[in-house]
There are 4 protein chains.
Amino acid sequence: MAPFVHSQALHAATLRALAERGVSLDEIAELARFLQASYIPGLSLEECRHHVERVLEKREVQNAILTGVELDKLAERQVLSQPLQGIIESDESLYGIDEILALSILNIYGSIGYTNYGYIDKVKHGILQHLNDKNTGQVHTFLDDLVAAVAAAAASRIAHHHRARQEAAYPDANPPAWDE
Amino acid sequence: MAPFVHSQALHAATLRALAERGVSLDEIAELARFLQASYIPGLSLEECRHHVERVLEKREVQNAILTGVELDKLAERQVLSQPLQGIIESDESLYGIDEILALSILNIYGSIGYTNYGYIDKVKHGILQHLNDKNTGQVHTFLDDLVAAVAAAAASRIAHHHRARQEAAYPDANPPAWDE
Amino acid sequence: MAPFVHSQALHAATLRALAERGVSLDEIAELARFLQASYIPGLSLEECRHHVERVLEKREVQNAILTGVELDKLAERQVLSQPLQGIIESDESLYGIDEILALSILNIYGSIGYTNYGYIDKVKHGILQHLNDKNTGQVHTFLDDLVAAVAAAAASRIAHHHRARQEAAYPDANPPAWDE
Amino acid sequence: MAPFVHSQALHAATLRALAERGVSLDEIAELARFLQASYIPGLSLEECRHHVERVLEKREVQNAILTGVELDKLAERQVLSQPLQGIIESDESLYGIDEILALSILNIYGSIGYTNYGYIDKVKHGILQHLNDKNTGQVHTFLDDLVAAVAAAAASRIAHHHRARQEAAYPDANPPAWDE
């Protein structure tokens with residue numbers, strides 16, 4: 001046996017974890033569309049979903065999701081040690097490790113995703129509102145931040161690809177004096 | 001002469017830079033109050049300003065502000081090299097170094113400030129709306145992010161201090177089993 | 001009961017977690033001294049330990065340590081889901097969430113701790129060598145990075161305090177022209 | 001004219017900035033090889049240079065390098081405001097914005113690069129020793145950290161690609177039970 005976990009196993013486990021915890025890729029894509037729609041007229045859910053899928057292929061993103069969802073599930077089953085059990089179970093506002101894992105997802109696509117992440121996490125758009133409902137008996141302390149971060153990372157990826165298309169449309173825009 | 005810049009010189013230069021660029025401490029305090037008012041009834045502008053002042057005493061915060069404002073001013077005077085001059089002057093959306101400096105301010109107060117920063121930077125409350133007005137002839141590519149970060153850092157500081165007061169009011173809340 | 005975990009409970013649990021996992025505060029202090037000794041002649045272990053203790057009073061540091069040690073212990077007891085169990089148990093080199101938690105500790109004391117953290121984590125000085133011994137049956141995937149980060153954070157704290165003493169010794173060093 | 005700087009202009013300016021400041025891509029590649037050689041026997045300078053070139057194609061990396069080098073050059077020409085001029089000119093140990101820009105490069109390739117960055121920045125291998133020589137009259141406060149970060153990012157990229165080759169060599173390593 002190889003002395004490491006194969007990439008496909010990691011990827012498959014990540015998609016499974018999201019599905020098991022009730023988050024569809026279309027719901028994440030909808031968050032990305034919400035963030036980018038005003039900048040890119042006609043942005044489709046399909047295009048957003050494509051970018052969400054690419055983000056979920058990154059090993060760093062997979063590691064953050066698998067770790068955060070595991071902690072959510074363990075807290076839900078009440079098997080963590082105290083006081084960590086109480087902190088994660090109650091989504092304690094000063095905890096911050098959930099935001100730290102979210103940041104590790106955002107960082108892969110550069111710093112332009114920070115504001116989108118913060119905004120979407122605050123206004124609780126779409127699936128994020130459901131994940132923040134404390135009356136379901138489920139614990140999503142990490143998942144809501146991770147989903148918001150994947151959506152914001154996808155939004156950054158969309159913005160970069162949109163720019164590439166704009167550059168192709170303005171071929172003369174590269175002033176010779178800068179690029180001599 | 002000492003082989004380093006004195007703390008007081010750094011602090012004074014930071015306060016001067018904010019004032020010169022048209023940002024008052026009360027305007028930053030108002031942003032912090034906007035972020036925390038719904039969590040802490042009766043939160044006064046004075047208390048928020050107190051926390052903003054403490055944030056501005058941190059060397060890392062001073063270094064970020066002095067560096068960012070310097071780049072804004074140099075871009076305004078058109079003295080940077082191309083293509084950096086064009087990027088900063090136009091507040092180019094994919095630049096991201098402004099958000100990186102903002103993050104260095106937020107980090108000092110932990111990760112709980114990330115969402116507040118992102119939110120306030122997006123909704124452009126108060127002074128941030130003025131700093132984002134591209135018709136003034138001024139360049140505030142860095143300053144708007146730095147001001148949002150100082151306000152979010154102050155909000156984190158307020159949240160921590162509010163918790164300390166709550167803890168004093170619930171002296172029995174520390175279950176002996178956890179703290180044996 | 002208060003709807004949150006008291007600060008003292010968090011602090012006590014952190015100190016207990018380090019002790020239970022075989023790390024003494026003096027061993028962390030020794031790492032901090034190793035990092036700063038060449039810059040500050042005569043730096044004592046006692047002074048280093050004082051700064052390590054202050055670092056461990058920070059809530060963000062406590063949250064990172066409690067979360068990382070919990071994951072180490074769960075991996076040791078083989079109760080995590082696969083593939084996360086295999087990844088953490090084998091200290092898989094591309095995992096990276098251990099470094100992310102370490103960074104959340106470093107950030108509190110500014111960016112000057114990054115290089116000290118990286119250096120000490122690489123050369124495996126003192127207790128870090130023991131924590132990296134894969135033949136003990138114990139899992140310290142998170143703990144070695146957390147301990148290195150606490151030591152590097154303490155080294156940053158020591159550097160800041162050393163500067164404050166230097167400034168007091170050079171009272172004229174603040175050129176009036178800068179601080180007008 | 002396009003309302004943005006073209007990618008090629010940014011890329012070309014980055015390569016020009018490194019060359020002008022006396023850093024060759026082979027010197028950065030040598031740093032990456034130094035970091036990875038013990039893990040990957042037979043790792044060639046050519047392969048390392050290939051990965052360094054890929055890292056330098058990332059917009060976030062280009063923005064960090066152009067911003068940092070600009071500040072170095074402005075400090076060298078003594079045109080920054082005080083006290084920032086004195087801080088950058090003297091490579092003041094508590095400044096930290098240079099490490100912040102370095103981190104923005106590292107983050108793109110995940111957290112596994114943090115320790116390599118810290119290590120190489122501390123031991124001053126290869127070109128980094130020259131960049132830290134304070135007797136040249138040149139200011140490289142930012143450049144040494146940026147070069148170390150590009151090398152560490154390239155080392156992360158090499159590690160990821162090496163893993164992909166290992167996975168291809170162990171096709172059965174993906175246990176069905178994990179990937180059902």
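Quick note: numbers below take in every heavy atom, side chains included, and nothing from hydrogens, waters or symmetry partners.
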Heaviest contributor of heavy-atom pairs below 4.5 Å to chain D, chosen from B:L94, B:L10, B:I88, is B:L94
Closest non-hydrogen contact found for B:A9 with D:P83 is O-CG, 4.4 Å
Contacts of D:F34 meeting ring pair (Phe, Tyr, Trp, His ring centres under 6.0 Å) (sequence neighbours excluded), chain-then-number -> D:H125
With chain B as the partner chain, list the residues of residues 57-75 of chain D whose heavy atoms fall under 4.5 Å from it, by residue number, and write 'none' if nothing qualifies. D:R59, D:N63, D:A64, D:L66, D:T67, D:E70, D:L71, D:K73, D:L74
For chain D, which residues of residues 95-106 of chain B have heavy atoms nearer than 4.5 angstrom: B:Y95, B:I97, B:I100, B:L101, B:S104
Going by residue number, which parts of residues 107-119 of chain B are within reach of chain D, meaning a heavy-atom gap below 4.5 Å? none
Considering residues, nucleotides and ligands other than D:Q129, do more than 12 of their heavy atoms fall under 6.0 Å from its CD? no
